[in-house]
> 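Dumping the structure here so I can ask a few things about it.
No hydrogens, no waters, no symmetry mates; every other heavy atom, side chains included, goes into these values. What you are looking at is a predicted structure, and each value in this text was computed from that prediction instead of being measured.
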Amino acid sequence: MTTMTRLALGFVSLLGILTVPAAPVTAQMMSGGPMGPRGGQAVRGTVTSASADSIAIKGDDGASYKVVMTVNTRIMQQREPIKAADIKPGEYVVAVGQADEATKEVHAVMVGVMSAEQAAEMKARAAELQASLGKTWIMGKITAMDETKLTIERPDKVSQVIEVDENTSMHRGGRGAMMGNLGMGPGGGMGGGMGMRRNQDGQGQQQGPQPEGEAITLADIKVGDNIRAEGALKGNTFVPKTLNVMPQRGQRGPRSGGEQSQQPQQ
């Protein structure tokens, strides 16, 4: 399953449970700045203009974005599919897809149109997660390493030193890294949306085991890696309980059941 397919499936789950407080997916919260490292980016904001194949939005970070939609773009409102032409100025949207940092243009795989109540709930959750950034969770790029201390450049451009210890569980890829690529906070922030489906009674059901990713050690981590971690402050230092390194573009984490991804045969 490709990265974009996983993003699409996860976003469908998000749209299906928008009554649950959702995590922020603004450009500011994406690892590595507005555009994430693995080809799947997310922006959200208010529609300022709309046409049959694109919309302009003012993002929550204050920047303006153009969201391009095609016949292959999945557009949802209140759990129902709609057309691009149905989107109106003033509505609040979340768009996931391929993005160009220079032009602020997103070629959308998924677009979700939210109600005012859903948008307010998401903004409140975003503020909550921003307040806990660096305290209970962190994400960003490693800019320096000094033995067990890692300097992290966070998406908000704050540089923070964290320190791993003997209790830190480290992995490359896996669900934690995927959450980072979608800009999600602790526990995914989706109320269990990722990897969940709804049965006929509306109850969440797990879709098989969620792989942790490939187990690694501190020696496998290097400057330039993008990470997402959860943990707590010990004194004034953030100590991760779990730390996931996001695979670089073109890399894949292990599949469910511990199987390694295979290269296609020539």
Side-chain angles (χ1 to χ4, degrees), residues 10 20-34 36-38 40 42 61 124-195 209-248 251-254 256 258:
V20 179
V25 285
T26 60
Q28 283 185 326
M29 298 304 291
M30 296 306 300
S31 61
R38 296 187 62 194
D61 58 354
R125 178 62 172 154
E128 178 184 331
L129 287 175
Q130 180 64 37
S132 63
L133 180 62
K135 299 174 183 177
T136 62
W137 74 289
I138 192 170
M139 62 184 292
K141 180 180 289 186
I142 301 174
T143 58
M145 298 181 65
D146 181 10
E147 296 183 348
T148 59
K149 296 182 178 180
L150 313 178
T151 302
I152 308 298
E153 182 183 355
R154 302 181 339 197
D156 55 3
K157 302 304 180 183
V158 171
S159 184
Q160 181 174 349
V161 177
I162 69 174
E163 186 168 10
V164 301
D165 63 15
E166 65 277 5
N167 296 316
T168 302
S169 175
M170 290 173 275
H171 294 84
R172 187 181 307 279
R175 186 173 183 272
M178 186 177 173
M179 297 302 103
N181 278 318
L182 284 174
M184 299 179 192
M190 293 295 186
M194 299 299 294
Q210 294 293 334
E212 294 183 346
E214 175 192 359
I216 59 175
T217 68
L218 186 58
D220 299 310
I221 300 174
K222 63 183 185 300
V223 171
D225 282 341
N226 287 283
I227 63 99
R228 177 185 175 277
E230 295 181 27
L233 290 174
K234 292 186 178 180
N236 294 320
T237 303
F238 179 84
V239 178
K241 180 179 180 180
T242 62
L243 186 151
N244 284 79
V245 176
M246 301 177 198
Q248 299 298 317
Q251 292 180 337
R252 296 182 184 178
S256 299

> Considering only heavy atoms from C-beta outward, does the side chain of V158 approach that of I152 to under 4.5 Å?
no

> Any chance you could lay out the side chain to side chain contact (heavy atoms under 4.5 Å, CB included) test for H171 and T242, step after step, and finish with the verdict?
CA-CA 8 Å; H171 294 84; T242 62; over 6 Å; no

> Of all residues at least two apart in sequence or in a different chain, which pass the side-chain hydrogen bond (donor to acceptor under 3.5 Å, both in side chains) check with T237?
none

> Show the nearest heavy-atom pair for residues L243 and P240, with the distance to one decimal.
CD1-CG, 4.3 Å

> Is the shortest side-chain heavy-atom distance between V239 and L233 below 4.5 Å?
no

> Using the side-chain contact (heavy atoms from CB on, under 4.5 Å) criterion, which residues pair with S159? Sequence neighbours excluded.
T151

> Kindly indicate whether the side chain of F238, heavy atoms from C-beta on, has any atom under 4.5 Å from the side chain of K135.
no

> If we ignore hydrogens and angles and just use 3.5 Å, is the side chain of E153 paired with the main-chain N or O of G140 as donor and acceptor?
no

> Among residues at least two apart in sequence or on other chains, which ones pass side-chain hydrogen bond (donor to acceptor under 3.5 Å, both in side chains) with D165?
T168, K234

> Is the shortest side-chain heavy-atom distance between N244 and I227 below 4.5 Å?
no

> For the side chain of N226 and the backbone of M246, is there at least one donor-acceptor N/O pair under 3.5 Å apart?
no

> With K222, which residues qualify under side-chain contact (heavy atoms from CB on, under 4.5 Å), at least two apart?
D225

> How would you list, by chain and number, every residue that makes a side-chain contact (heavy atoms from CB on, under 4.5 Å) with E128, sequence neighbours excluded?
R125

> Could you check E163 against T148 for side chain to side chain donor-acceptor pair (under 3.5 Å), going step by step and ending with a plain yes or no?
CA-CA 6 Å; E163 186 168 10; T148 59; 3.0 Å; yes

> Under the side chain to side chain contact (heavy atoms under 4.5 Å, CB included) criterion, do R154 and M139 qualify, and how do the steps go?
CA-CA 6 Å; R154 302 181 339 197; M139 62 184 292; over 6 Å; no

> Under 4.5 Å between any side-chain heavy atoms of I138 and E230, yes or no?
no

> What residues form a side-chain contact (heavy atoms from CB on, under 4.5 Å) with I216, not counting sequence neighbours?
M170, R172, E214, D220, I221, V245

